[in-house]
Engineer: 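Below is the structure I would like to discuss, written out as structure tokens.
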Amino acid sequence: MTPEQPDPPGPDPNRTIRHRWPQPGPPPQEPGHDPGQSPYTQHLPYTPDMLPDVPQYEAKPPRSSWWWVIVVGGIAILVAAVAVAALLWSRSTAKPPAKPGSQAPARVTDTKAQVSYLIPAGWKKADRPSYTSGISAGGAVVVAFPQQQGGIGGAATSEQLQARADDVALDTARRLLPDVGGRDGLRTRALEVGGRPAATASFRVVFKSATKDPAYVRIVAVHTGDGGLSYVYGSTVPDGEAARRALDDVLDSVTPA
């Protein structure tokens, strides 16, 4: 038996194959017969390939799109941070808009008594005889006046100044609040008004008429620049927590004029 021959190697895929169509060759006795030519093939004239060989390149893997998302996201975050920082800076440097009615409160400047004090909302100036300035609202009144004759002047000690404030407050209450029967709850203390020695006295006034509600009285005595004394007196009828607070706000606002 004839041993099996290995299969001939297949065509190279990287080379162009030119087909040879099987065709019987000329008989051996015919002229022009080539002994080395296969009797089953025939040489064909050379023709160029219609499709030339195209070089092949290995395709690169597609670039991931995540890097683009990261870049765009980072830029967006940076822009937002800059915008927020600019907004906060502009708010911190901008002045707040003025609110309606937020102007500085009106004040009385009494040049004769050399004092100044607040005019609360709803209060009006009130001129009264024997006083250099005054304001009022309902049953409340505040007046200012300089030291009268017979005062103790600038030589007073703190205790003397408190006692003087008490005496002047009671005397003024009897003139402005008729039918005063007595008083209770007296309080006095030393103050400093605009760097100057001062004192305050306060008490409750009861009237002779049992049908009349008690009143609240307070006064501030302050040394003036020329060595004298001036007073800011206030009273409110009837007495009460809200009425006392409103009157104290005026007396606490006293400053040298």
Side-chain angles (χ1 to χ4, degrees), residues 95-96 98-99 101-137 140-173 175-177 183 185-205 215-236 239 241-257:
K95 294 182 179 180
K99 297 180 180 179
S102 62
Q103 293 81 5
R107 296 182 65 88
V108 171
T109 300
D110 190 331
T111 57
K112 293 183 178 180
Q114 302 180 44
V115 292
S116 175
Y117 52 91
L118 177 69
I119 305 177
W123 290 58
K124 297 180 180 179
K125 290 185 177 181
D127 295 329
R128 292 177 177 268
S130 305
Y131 304 104
T132 52
S133 65
I135 58 175
S136 63
V141 62
V142 172
V143 292
F145 51 96
Q147 174 184 347
Q148 298 177 350
Q149 294 297 324
I152 55 179
T157 64
S158 175
E159 291 76 12
Q160 289 175 325
L161 189 56
Q162 293 178 58
R164 180 64 180 170
D166 176 28
D167 291 341
V168 174
L170 182 57
D171 181 66
T172 306
R175 285 188 283 117
L176 293 178
L177 300 173
R183 65 174 182 167
L186 173 63
R187 293 182 179 181
T188 64
R189 59 189 174 92
L191 296 175
E192 188 175 275
V193 174
R196 300 176 182 177
T200 184
S202 62
F203 48 83
R204 190 181 70 139
V205 169
Y216 173 66
V217 172
R218 183 183 169 189
I219 197 170
V220 171
V222 58
H223 278 277
T224 58
D226 55 6
L229 285 173
S230 285
Y231 303 91
V232 180
Y233 164 94
S235 61
T236 179
D239 185 16
E241 182 178 354
R244 287 194 180 201
R245 188 183 307 113
L247 191 65
D248 286 341
D249 286 344
V250 178
L251 274 293
D252 290 338
S253 71
V254 174
T255 60

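These values consider heavy atoms only, across backbone and side chains, with no hydrogens, waters or symmetry-generated copies. Index from 1, following the sequence.
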Engineer: For D110, enumerate each residue passing the side chain to side chain contact (heavy atoms under 4.5 Å, CB included) test, keeping only those at least two apart in sequence or located in another chain.
Structural biologist: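 With neighbours one apart ignored, the set is K112, A113, V115, T132, S133, A144.
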
Engineer: If we only count heavy atoms from C-beta on, is the L229 to L161 side-chain gap below 4.5 Å?
Structural biologist: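 The answer is yes, as the side chains (C-beta and beyond) meet within the 4.5 Å cut-off.
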
Engineer: Show me, pair by pair, the donor-acceptor contacts under 3.5 angstrom made by side chains of residues 188-200, not counting sequence neighbours?
Structural biologist:
unit_1	atom_1	unit_2	atom_2	d
T188	OG1	Q162	OE1	3.2
T200	OG1	R218	NE	3.0
T200	OG1	I219	O	2.8

Engineer: Pairs in or reaching into residues 117-129: which pass salt bridge (charged side-chain N to carboxylate O under 4.0 Å, His left out), with residues at least two apart or in two chains?
Structural biologist: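 Counting only pairs at least two positions apart or across chains, no salt bridge (charged side-chain N to carboxylate O under 4.0 Å, His left out) contact touches residues 117-129.
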
Engineer: For A140, which residues count as a side chain to side chain contact (heavy atoms under 4.5 Å, CB included) partner, sequence neighbours excluded?
Structural biologist: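 Only W123, T236 meet the side chain to side chain contact (heavy atoms under 4.5 Å, CB included) criterion with A140.
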
Engineer: Taking all non-hydrogen atoms of both residues, which atom of A106 and which atom of L118 are closest, and how far apart?
Structural biologist: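 A106 and L118 have their closest heavy atoms at O-CD1, 3.6 Å.
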
Engineer: Out of T109, D226, V222, which residue meets the side-chain contact (heavy atoms from CB on, under 4.5 Å) rule with Q114?
Structural biologist: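 Exactly one candidate clears the test, D226.
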
Engineer: Please assess S235 against V205 for the test side chain to side chain contact (heavy atoms under 4.5 Å, CB included), listing each intermediate value before the final yes or no.
Structural biologist: CA-CA 9 Å; S235 61; V205 169; over 6 Å; no

Engineer: Taking the side chain as everything from C-beta on, heavy atoms only, tell me whether P105 gets closer than 4.5 Å to I119.
Structural biologist: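 P105 does not reach I119 side chain to side chain.
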
Engineer: As an exercise, state the distance from CG of D248 to OG of S202, rounded to the nearest 0.5 Å.
Structural biologist: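 Going from CG on D248 over to OG on S202, the span is 7.5 Å.
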
Engineer: Set out, in order, the CA-CA distance, both residues' side-chain angles and the distance that settles side chain to side chain contact (heavy atoms under 4.5 Å, CB included) for I135 and Y117, then state yes or no.
Structural biologist: CA-CA 10 Å; I135 58 175; Y117 52 91; 4.1 Å; yes

Engineer: Taking all heavy atoms of Y231 and all of Q147, pick out the closest pair and write down the distance.
Structural biologist: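 So the minimum-distance heavy-atom pair works out to CE1-CA, 4.0 Å.
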
Engineer: If you take all heavy atoms of P146 and S230, which pair is closest and at what distance?
Structural biologist: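 Nearest pair, atom of P146 first, then S230: CA-OG, 3.6 Å.
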
Engineer: Looking at residues at least two apart in the chain, or sitting in another chain, which of them share a side-chain hydrogen bond (donor to acceptor under 3.5 Å, both in side chains) with R187?
Structural biologist: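 R187: no side-chain hydrogen bond (donor to acceptor under 3.5 Å, both in side chains) contacts found.
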
Engineer: In chain order, what residues pass the side chain to side chain contact (heavy atoms under 4.5 Å, CB included) check against T172, with sequence neighbours excluded?
Structural biologist: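 Counting only residues at least two positions away or on another chain, T172 forms a side chain to side chain contact (heavy atoms under 4.5 Å, CB included) with Y131, F145, V168, R175, L176, Y233.
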
Engineer: Taking all atoms of both residues into account, what is the closest heavy-atom pair of V141 and L247, and its distance?
Structural biologist: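 In terms of heavy atoms, the two residues are closest at O-CD1, 4.2 Å.
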
Engineer: Using the rule given for side chain to side chain contact (heavy atoms under 4.5 Å, CB included), can you reason through V108 versus V142, listing the C-alpha separation, both sets of side-chain angles and the distance that settles it, and then say yes or no?
Structural biologist: CA-CA 11 Å; V108 171; V142 172; over 6 Å; no

Engineer: Could you tell me which residues satisfy side-chain hydrogen bond (donor to acceptor under 3.5 Å, both in side chains) with T255, sequence neighbours excluded, listed by chain and number?
Structural biologist: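 Per chain and number, T255 pairs via side-chain hydrogen bond (donor to acceptor under 3.5 Å, both in side chains) with R107.
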
